[in-house]
Amino acid sequence: MRKHNGKQLYGFQKILTTLKMGRNKKIKKLSIRQKLAMNYVSKESKLTRIGDKIYTNTFTPYFPSLAYDRFLKGVISITSGNPLPVVTNFAVTPRCPCNCWHCSFSDRSKKDILSLDQLKKAIYDVQDLGTSVIGLTGGEPLLRDDLEDIIASIDKRSMPVIFTTGYKLTRDRVKSLKKVGLEIPVISLDHYKAEIHDRGRRKEGIFDAALNAIKLFQDEGFYVAVSFVPDKPLVSNRREIFKVIDFFKEIGINDMRLTSPILSGKLTSKPEERLSAENVNTIFEIQKKCTRTRGYPGVFAYDFFESEKYYGCGAGFNYMFIDSQGNVCPCDFTMLSFGNMLERPIREIWEETSKHFCAPGPACYANISNDVIFSKREAQWPLKKEATLEILEECPSYHEERLPEFYKKMGFPFQKSVEWRGGS
């Protein structure tokens with residue numbers, strides 16, 4: 001059994017640390033009701049101390065940091081009815097050694113367009129908008145020789161995260177990534193059996209590459225996460241999926257992004273891949289067990305946090321995705337766009353996007369809108385502005401009577417936000 005980096009905080013230690021994290025001047029100005037709302041969701045995450053840094057999950061900057069302060073400012077902004085891209089992901093390349101069964105990028109162009117200078121400018125622009133977490137994804141980011149230069153361009157206002165298969169990763173590369181400021185690596189890993197992981201990722205040896213990457217990052221003291229995408233048969237087999245979770249514990253994983261199949265990319269025409277209500281209950285059980293049990297990795301399960309019981313879906317509201325062609329989208333999985341950063345300023349595109357995604361949705365919008373989007377299927381995603389507006393007219397991104405619980409507790413001014421959209 002490999003010991004994970006850092007110390008998980010429980011009991012009195014967690015209470016004291018939470019109180020310390022809550023001394024931020026922005027939080028102090030909140031009402032008692034709002035503070036209780038913040039605690040309502042924060043209690044569903046683990047706290048892990050590595051050195052002098054406290055990590056919550058891969059969506060929250062470590063504490064203490066300028067990025068963490070900006071994150072809190074962003075959360076307060078969005079719960080006040082002012083959309084802001086708290087998290088922005090960039091697909092820095094479409095190239096990838098894998099051909100995953102669930103790939104959401106499969107229908108996008110495979111041409112690299114964004115240069116280092118264009119990415120640097122875009123990163124500066126999204127940081128100016130208020131982004132406090134920047135994820136670098138793909139494709140496989142490690143295939144860019146200038147990845148270190150991209151990460152180095154992310155200043156202290158945001159926390160850098162990369163998503164990787166671990167392909168051809170070396171110790172020297174890990175050291176160079178750490179030197180330029182990488183904070184959290186998220187490695188794709190879907191099973192404890194090499195043949196099952198390799199088959200799902202359509203790449204022989206990629207399981208070994210993932211385990212190697214995990215060890216190399218752990219050796220350098222990183223807070224290490226995995227991206228876990230279980231298919232429906234695995235989630236339906238309770239004994240087997242919990243063995244996978246035990247495996248993550250055994251190899252010392254700090255955190256896990258549990259992403260259930262999303263109807264996007266290769267799964268756009270496969271609604272049968274969506275999890276059943278019973279399956280989702282299993283995901284909830286995994287979230288609760290891991291959060292409350294020492295030694296298990298922390299979990300951010302999308303089915304859990306994107307449900308009405310917690311945050312709901314923040315696509316285009318508190319989240320933004322920019323693909324390798326420069327298309328600015330509500331999220332990685334929602335194949336809509338109001339423009340391209342090479343043709344219009346990102347700020348202008350974001351403002352138009354957020355006027356239509358002006359409130360959090362009750363569930364994953366990619367899944368909700370799938371049938372409508374598929375009916376307008378084009379050769380390559382994302383859909384352009386005109387088609388995007390048609391989709392939103394037919395399938396709104398929010399539901400007036402289904403505001404997620406966290407926003408209800410924070411006193412979200414729903415009517416004000418909807419009126420603002422109507423006047424756009």
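It should be emphasised that the depicted structure is a prediction, and the values quoted were computed from it without experimental measurement. If you read the sequence from its start, that first residue is 1, and numbering goes on from there.
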Legend entry - Whether T291 side chain and K288 backbone form a donor-acceptor pair below 3.5 Å: no

Inset, instruction - Assess whether atom NZ of K7 is packed by more than 12 heavy atoms of other residues, nucleotides or ligands within 6.0 Å. - result: no

Inset, instruction - Give the C-alpha distance, both sets of side-chain angles, the deciding distance and a yes or no for side-chain contact (heavy atoms from CB on, under 4.5 Å) between I245 and M256. - result: CA-CA 9 Å; I245 304 304; M256 173 175 58; 3.7 Å; yes

Inset, instruction - To the nearest 0.5 angstrom, please state how far the CD1 atom of I346 sits from the OG1 atom of T353. - result: 11.0 Å

Legend entry - Student check: side-chain heavy atoms of L114 and V92 closer than 4.5 Å: no

Legend entry - Sidechain-backbone polar pair: T388 side chain, S337 backbone, donor-acceptor under 3.5 Å: yes

Inset, instruction - Compute the ring centroids of Y62 and Y223, then answer whether they are less than 6.0 Å apart. - result: no

Inset, instruction - For the residue pair L275 and K232, establish whether any side-chain heavy-atom pair is separated by less than 4.5 Å. - result: yes

Inset, instruction - Look at atom NZ of K408 and say whether more than 12 heavy atoms of other residues, nucleotides or ligands are closer to it than 6.0 Å. - result: yes

Inset, instruction - Cation-pi check, R157 to Y124: give yes when NZ or CZ is under 6.0 Å from the six-membered ring centre and within 45° of the ring axis, no otherwise. - result: yes

Legend entry - Residue pair L119 / R144: nearest heavy atoms and the distance that separates them: CD1-NH1, 3.4 Å

Inset, instruction - Considering non-hydrogen atoms only, spot the tightest contact between P61 and S132 and give its length. - result: CG-O, 3.6 Å

Inset, instruction - Please lay out, stage by stage, how R238 and T282 fare under the test side-chain contact (heavy atoms from CB on, under 4.5 Å). - result: CA-CA 7 Å; R238 285 177 50 83; T282 299; 3.9 Å; yes

Inset, instruction - Kindly indicate whether the side chain of V87, heavy atoms from C-beta on, has any atom under 4.5 Å from the side chain of N318. - result: no

Legend entry - From I134, D128, T131, T88, residue fulfilling side chain to side chain contact (heavy atoms under 4.5 Å, CB included) relative to I123: I134

Inset, instruction - Would you kindly say whether Y10 and K46 are connected by a side-chain donor-acceptor distance under 3.5 Å? - result: yes

Legend entry - F305 vs F59, ring pair (Phe, Tyr, Trp, His ring centres under 6.0 Å): CA-CA, chis, key distance, verdict: CA-CA 12 Å; F305 283 108; F59 286 92; 8.6 Å; no

Legend entry - Distance under 6.0 Å and angle within 45° of ring axis: K385 vs F338: no

Inset, instruction - Could you give me the CA-CA distance, side-chain angles and deciding distance for R201 and D190, then say whether side-chain contact (heavy atoms from CB on, under 4.5 Å) is met? - result: CA-CA 9 Å; R201 299 284 171 168; D190 298 328; 2.8 Å; yes

Legend entry - Residue pair K14 / T18, side-chain heavy-atom distance below 4.5 Å: yes

Inset, instruction - Answer with yes or no after comparing the ring centroid distance for F317 and Y319 against a 6.0 Å cut-off, counting only values under it. - result: no

Legend entry - T48-N254 side chain donor-acceptor pair, cut-off 3.5 Å: no

Inset, instruction - Report the distance from atom CD of E306 to atom OH of Y365, rounding to the nearest 0.5 Å. - result: 14.0 Å

Legend entry - Heavy atoms from other residues, nucleotides or ligands near NZ of K35 exceed 12 (cutoff 6.0 Å): yes

Legend entry - Whether K409 side chain and Y40 backbone form a donor-acceptor pair below 3.5 Å: no

Legend entry - R108 versus C329, closest heavy-atom pair with distance: NH1-SG, 3.7 Å

Inset, instruction - Look only at the side chain of N279 and the backbone of S276, and say whether a donor-acceptor pair between them is shorter than 3.5 Å. - result: yes

Legend entry - Candidate pair H197 and L189, rule side-chain contact (heavy atoms from CB on, under 4.5 Å), full reasoning: CA-CA 7 Å; H197 178 74; L189 188 59; 4.2 Å; yes

Inset, instruction - May I ask you to decide if I154's main-chain N or O and Q127's side chain share a donor-acceptor pair within less than 3.5 Å? - result: no

Legend entry - Side-chain donor/acceptor of N5 to backbone N/O of I50, under 3.5 Å: no

Inset, instruction - Determine the minimum heavy-atom distance between P97 and L143, stating which atoms define it. - result: CD-CD1, 4.2 Å

Inset, instruction - Kindly indicate whether the side chain of R23, heavy atoms from C-beta on, has any atom under 4.5 Å from the side chain of I27. - result: no

Inset, instruction - Hey, could you give me the CG/CG distance between L336 and N327, rounded to the nearest 0.5 Å? - result: 11.5 Å

Legend entry - Exceeds 12 heavy-atom contacts within 6.0 angstrom, atom NZ of K266: yes

Legend entry - E390 atom CD, neighbour heavy-atom count above 12 within 6.0 Å: yes

Inset, instruction - Check Y311 against V41 and note the closest heavy-atom contact, atom names and distance. - result: OH-CG2, 3.4 Å

Inset, instruction - May I ask you to decide whether D219 forms a salt bridge with K215, counting only side-chain N to carboxylate O separations under 4.0 Å? - result: yes

Legend entry - Donor + acceptor pair across side chains of Y192, E240 (<3.5 Å): yes

Inset, instruction - Report yes or no: does N89 contribute a side-chain atom to a donor-acceptor pair with the main-chain N or O of F321 at less than 3.5 Å? - result: no

Legend entry - Closest contact, heavy atoms only, M410 versus T79: CE-OG1, 3.5 Å

Inset, instruction - Report yes or no: do E140 and T164 form a side-chain donor-acceptor pair below 3.5 Å? - result: yes

Legend entry - E278 atom CD, over 12 foreign heavy atoms within 6.0 Å: no

Inset, instruction - Without swapping roles, check the side chain of N367 against the backbone of I262 for a donor-acceptor pair under 3.5 Å. - result: no

Legend entry - Heavy-atom side-chain contact between I241 and F228 under 4.5 Å: yes

Inset, instruction - Answer whether the closest heavy-atom distance between the side chains of T56 and S42 falls below 4.5 Å. - result: no

Inset, instruction - Could you give me the CA-CA distance, side-chain angles and deciding distance for E44 and R292, then say whether salt bridge (charged side-chain N to carboxylate O under 4.0 Å, His left out) is met? - result: CA-CA 8 Å; E44 299 300 340; R292 288 156 175 68; 3.4 Å; yes

Legend entry - Side-chain donor/acceptor of E348 to backbone N/O of P345, under 3.5 Å: no

Legend entry - Steps toward ring pair (Phe, Tyr, Trp, His ring centres under 6.0 Å) verdict (F300, Y302): CA-CA 6 Å; F300 189 100; Y302 282 77; 5.6 Å; yes

Legend entry - Student check: side-chain heavy atoms of S188 and F163 closer than 4.5 Å: no

Legend entry - Interatomic distance, D323 atom CG to N340 atom CG [nearest 0.5 angstrom]: 7.5 Å

Inset, instruction - Decide if atom CD of E195 counts as having more than 12 heavy atoms of other residues, nucleotides or ligands within a radius under 6.0 Å. - result: yes

Inset, instruction - First locate atom CD1 of I54, then atom OG of S65, and finally report the distance between them rounded to the nearest 0.5 Å. - result: 11.5 Å

Inset, instruction - Report, as yes or no, whether the 6.0 Å neighbourhood of atom NZ on K43 holds more than 12 heavy atoms from other residues, nucleotides or ligands. - result: yes

Inset, instruction - May I ask you to check whether F406 and Y310 place their ring centres under 6.0 Å from each other? - result: no

Inset, instruction - Report the distance from atom CG of L263 to atom CD1 of I373, rounding to the nearest 0.5 Å. - result: 10.0 Å

Legend entry - Under 3.5 Å donor-acceptor, T293 side chain and C290 backbone: no

